[in-house]
Amino acid sequence: MKTLKVGICGWGNVATGMFNAIESNNNYITKAGVDINIACIGARRDNPKCNPGATPIFRDIFDIPEQDIDVVVELIGGVEVARELILKSIRAGKHVITANKAVIFNHGDEIFAEANKNKVKVLFEAAVCAGTPIVKMLKEELAPNKIKKISGMLNGTSNFILSNMEEGNEFDDTLELAQKEGYAEPDPSFDIEGVDAAHKIGLLSSIAYGSSLPPKDFYIEGITKIDKKDFIYAEMLGYTIKHLAISEDNEDKIELRAHPALVSKKSYLANLKGVRNGIEVDTDLIGKIHIAGSGAGQESTASGLISDIIHLANSNEDILNVVSSINQKPIKDFGEFSFQYYFFIEAEDNPGVMASITTRLAEESIGIESMVQKDELGKNIVPIILITDIFKEDKLEGIKDKILSLDTIKNLRTIRIESTD
Ligand code: HSE
């Protein structure tokens, strides 16, 4: 049995969740050949929800890397102070485990280079989908494969909110519930604006394709513009709405994006509801692999963190971090992508309105795959729902402006359609 001495930095929900899980699931952990010794905690204040017993608490987190420990578990969150703490730990010869996707997304290349120089490891399973395994799976189990595409719902809060809206609930009520359940980030705009999912796909893209950390800017859109009525119309056309994060290696460029999309109701991802994260990894040797599980919350995150501690204890000290930035392929410009689109248009119920819309689309050589016109929304206002043929993203804003410039059009929103063949 190998004993690993651990120093925890941060003493909030995630840290106390890990502390409790190490105690409650100790049988399973020792069965994996590891004795985890929580040697010290760095926390500015006590947490009334968790008593750490005799474990010494240091009020300055920067004292932790100086203690007699093997690994620092960074759970303070944020970016710049976390970076400093991680670099100090690495330079003190400590391995680092973190659940902090933002710090690895923004400073990963620097952190891994420093870790390799100092011959320590930096592990971050819990940073992507909490305990649902994907980071080590990509690095190890799938290592012999060419990874063609990674796509999925990487933000539990967004999936929770969208699933609830699909059931007819309001956005704000569901967000409040996600905050109460502890799924949402301290600043929930990170969840609902797509930033959290973007951080996670950035990390996976770095593992699979060696894209840099931080990556060059890429397209990020959240779920705030989705209306619950969109689910009703999407369903009529055989779709539901998910927030997807996607990375793909398409020969000369890396595709990286995070945005809502209509996905076929028949697809694997469409059927994962609630706080569940779901990922589809398309590989050359195994084909498509599906992974799903809770991607947020104290217990799931604890599982991811402890899995890294076990991995560290059982792994070869000589094999260090996979270095990012080995691949300098550019990130594909978002304007170069092509999609089919869902258009929701509120129009005056007058003769010729439909013709004026289709004329604007035809002027841009955009065809229509299907069209639904439903009952009145209000006085003489009808919703028109279109599914367009595929066209290039860089035409989208222009065509929206053209349609909105018609006096008879009162509102327009669009959602991309993700092909899930
Ligand atoms: N706020 C995140 C989510 C949880 O909702 O998925 C941790 O990444």
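Please read these numbers as outputs of a predicted model, since none were measured by experiment. Every number for a ligand or one of its atoms is a count from 1 in the order of the listing.
Only the side chain of D196 comes within 4.0 Å of ligand 1, counting heavy atoms alone; its backbone N, CA, C and O stay farther away.
If you check which protein heavy atom lies closest to atom 3 (C) of ligand 1, you get N155 ND2, 3.2 Å. The closest protein non-hydrogen atom to atom 6 (O) of ligand 1 is G156 N, 2.7 Å. Remark: minimum distance from atom 5 (O) of ligand 1 to any protein heavy atom is reached at T157 OG1, 2.6 Å.
Ligand 1 has an N or O atom lying under 3.5 Å from an N or O atom of K200, backbone or side chain. Between A184 and ligand 1, a contact under 3.5 Å exists for no N or O pair.
A distance of 6.0 Å separates CG of L256 from OG of S211, quoted to the nearest 0.5 Å.
The residue from E418, R416, E369 that alone fulfils the side chain to side chain donor-acceptor pair (under 3.5 Å) condition with Q340 is E369.
If you look at Y342 and Y239, their ring centroids are not closer than 6.0 Å. In this structure, the ring of F343 has its center no less than 6.0 angstrom from the ring center of Y233. For Y341 and F391, the ring centers are positioned less than 6.0 Å apart.
Below 4.0 Å from some heavy atom of D191 lie the following atoms of ligand 1, by number and element: 1 (N), 2 (C), 3 (C), 5 (O). Counting the atoms of ligand 1 from 1 in the order shown, those under 4.0 Å from a heavy atom of E185 are 1 (N), 2 (C), 4 (C), 7 (C), 8 (O).
Cation-pi geometry between K329 and Y209 is not satisfied (NZ or CZ under 6.0 Å from the ring centre, within 45° of the ring normal).
The option from K101, Q179, E181, M153 that lies nearest to atom 7 (C) of ligand 1, judged by heavy atoms, is K101.
Residue contacts with ligand 1 leave out A130, since none of its heavy atoms falls under 4.0 Å from the ligand.
Ion pairing of E114 with R91 is present here, as a side-chain N (NZ or NE/NH1/NH2) and a carboxylate O approach within less than 4.0 Å.
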